[in-house]
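Quick notes on the structure that follows.
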Amino acid sequence: MHPPRILLGVNIDHIATLRQARGTRYPDPVQAALLAEEAGADGITVHLREDRRHIQPRDVRLLAEVLNTRMNLEMAVTEEMLALAEEVRPAHVCLVPEKREELTTEGGLDVVGGFDLIASACQRLRAAGCDVSLFIDPDSAQIDAALRAGAPTIELHTGAYAEAKPGSEAAIAEYERLSAAAIHAVSAGLVVNAGHGLHYHNVEAIAALPGVNELNIGHAIIARALFVGLKDAIQEMKRLIIAGQEAGLMAALDAHEHEHEDEHTHSGCCSH
Ligand SMILES: CC(=O)[C@@H](O)[C@H](O)COP(=O)(O)O
Ligand SMILES: NCC(=O)COP(=O)(O)O
């Protein structure tokens, strides 16, 4: 049976970045979200940062009213953010680490170190009806802690892979970490999403990882949309994701067949 196709969550933070740069009312991320849905986005991701550098609480509240798909609200584990999520009740909340001075999210959430706080946040968010995901590095201790904390979903931070020079030892090692983490998490019963720094040249490999449910992509899509429009930028990304998923499935099938051939050879089942 063919597994469900990988979903695409479009992150619209960077539409809001442009708006905030001038303090204007345009471009409106809410308008972008509706266009993204029309283009085939399976969900809309927004990161409400504590410093409000792009998305504003008004955007989150309006999106909750108008989205036809579902909102994935990325936020830090703070009382202020938890109270907002409890008020708005987005379909998904992804807990992320946050530093004021960072250019973008650096590293995953330390679920092991902040276990009590994170477990209690998961409990509150689930009581509010949100699916909770934890944005973590591809690390088995963090995955096991996410499971114990009561998060049904994780999002693997692909930033280190995206930043490594393509084909380099670092990129290969990081890809292997992501692959092992995806296998570990899926076999533990977690839903596995991935994202950060994904673009048109690296997304196929990430979509080929075993068992991925959804990819969240923002910066590359919004940047490409400047030249080709949001609809084409999203549809191009979706085509690459499908191609990557198909390639991953073919590779898994090949590996499975080889395993069987080896078993038959070693058991001597086919020798006469
Ligand atoms: C958590 C994550 O990976 C994204 O939300 C990313 O942080 C995009 O937003 P920024 O550009 O604010 O980092
Ligand atoms: N969680 C990752 C995300 O939402 C998008 O990150 P990016 O594509 O803007 O780097």
Side-chain angles (χ1 to χ4, degrees), residues 6-21 29 32-33 36 41-56 59-60 63 69-78 81 85 90-111 118 131-138 142 146 151 153-164 174 178 191-207 209 212-226 230 233-234 236-238 240-241:
I6 296 176
L7 305 173
L8 171 63
V10 175
N11 182 319
I12 53 168
D13 292 355
H14 303 289
I15 301 280
T17 301
L18 197 55
R19 176 189 61 189
Q20 297 310 112
D42 298 294
I44 300 297
T45 293
V46 284
H47 183 174
L48 179 62
R49 282 185 170 268
E50 288 179 87
D51 65 9
R52 307 289 194 264
R53 68 175 73 159
H54 40 54
I55 294 295
Q56 304 299 310
D59 303 326
V60 175
L63 286 167
T69 56
R70 56 200 164 72
M71 185 189 341
N72 173 33
L73 174 62
E74 296 182 331
M75 56 177 232
V77 192
T78 65
M81 293 295 165
H92 303 269
V93 171
C94 182
L95 298 176
V96 303
E98 216 175 277
K99 285 194 217 124
R100 282 286 160 101
E101 66 283 7
E102 68 191 354
L103 198 58
T104 185
T105 312
E106 293 166 357
L109 195 65
D110 181 6
V111 192
I118 292 167
D131 175 45
V132 189
S133 113
L134 303 182
F135 187 65
I136 57 175
D137 287 328
Q142 296 294 343
T153 305
I154 56 164
E155 179 167 324
L156 294 174
H157 191 326
T158 51
Y161 173 72
E163 275 168 27
E174 196 52 34
L178 284 163
V191 174
V192 178
N193 298 339
H196 200 90
L198 298 181
H199 53 68
Y200 294 86
H201 302 289
N202 63 16
V203 74
E204 281 183 79
I206 297 298
L209 288 171
V212 171
N213 166 66
E214 175 175 281
L215 297 179
N216 283 304
I217 310 178
H219 192 262
I221 290 178
I222 302 308
R224 179 102 181 111
L226 292 174
L230 192 54
I234 289 172
E236 227 176 284
M237 189 60 89
K238 281 181 72 114
L240 291 171
I241 292 173

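Read the numbers this way: they start at 1 and go in the same order the structure lists the ligands and their atoms. These values consider heavy atoms only, across backbone and side chains, with no hydrogens, waters or symmetry-generated copies.
- Of the possible polar contacts, one joining the Tyr200 side chain to the Ala233 backbone as a donor-acceptor pair under 3.5 Å is found.
- A donor-acceptor pair is defined here as one N or O able to donate and one able to accept, closer than 3.5 Å; no such pair exists between the side chain of His47 and the backbone of Arg49.
- Without hydrogens or angle criteria, Thr158 side chain to Gly195 main chain gives a donor-acceptor distance under 3.5 Å.
- For ligand 2, the protein residues within 4.0 angstrom (heavy atoms only) are Asn11, His14, Thr45, Glu74, Phe135, Glu155, Gly195, His196, Gly197, Asn216, Ile217, Gly218, His219.
- In this view, Glu174 and Arg177 satisfy the side-chain hydrogen bond (donor to acceptor under 3.5 Å, both in side chains) rule, not counting sequence neighbours.
- Asp42 contributes a side-chain N or O that, together with a main-chain N or O of Leu8, makes up a donor-acceptor pair within less than 3.5 Å.
- Partners of His196 under the ring-ring contact (aromatic ring centres under 6.0 Å, His included) rule, at least two apart in sequence or in another chain, are His157.
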Original post:
Between Glu155 and Glu214, does a side chain to side chain contact (heavy atoms under 4.5 Å, CB included) hold up when you go through it step by step?
Top reply: CA-CA 9 Å; Glu155 179 167 324; Glu214 175 175 281; 5.6 Å; no
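- For ligand 1, the 4.0 Å heavy-atom shell contains residues Asn11, Asp13, His14, His47, Arg49, His54, Glu74, Val96, Thr104, Thr105, Phe135, His196.
- Checked by atom type and distance alone, the side chain of Arg53 never pairs as donor or acceptor with a backbone atom of Gln20 at under 3.5 Å.
- A donor-acceptor distance shorter than 3.5 angstrom exists from the side chain of Asp137 to the backbone of Gly108, with no hydrogens or angles considered.
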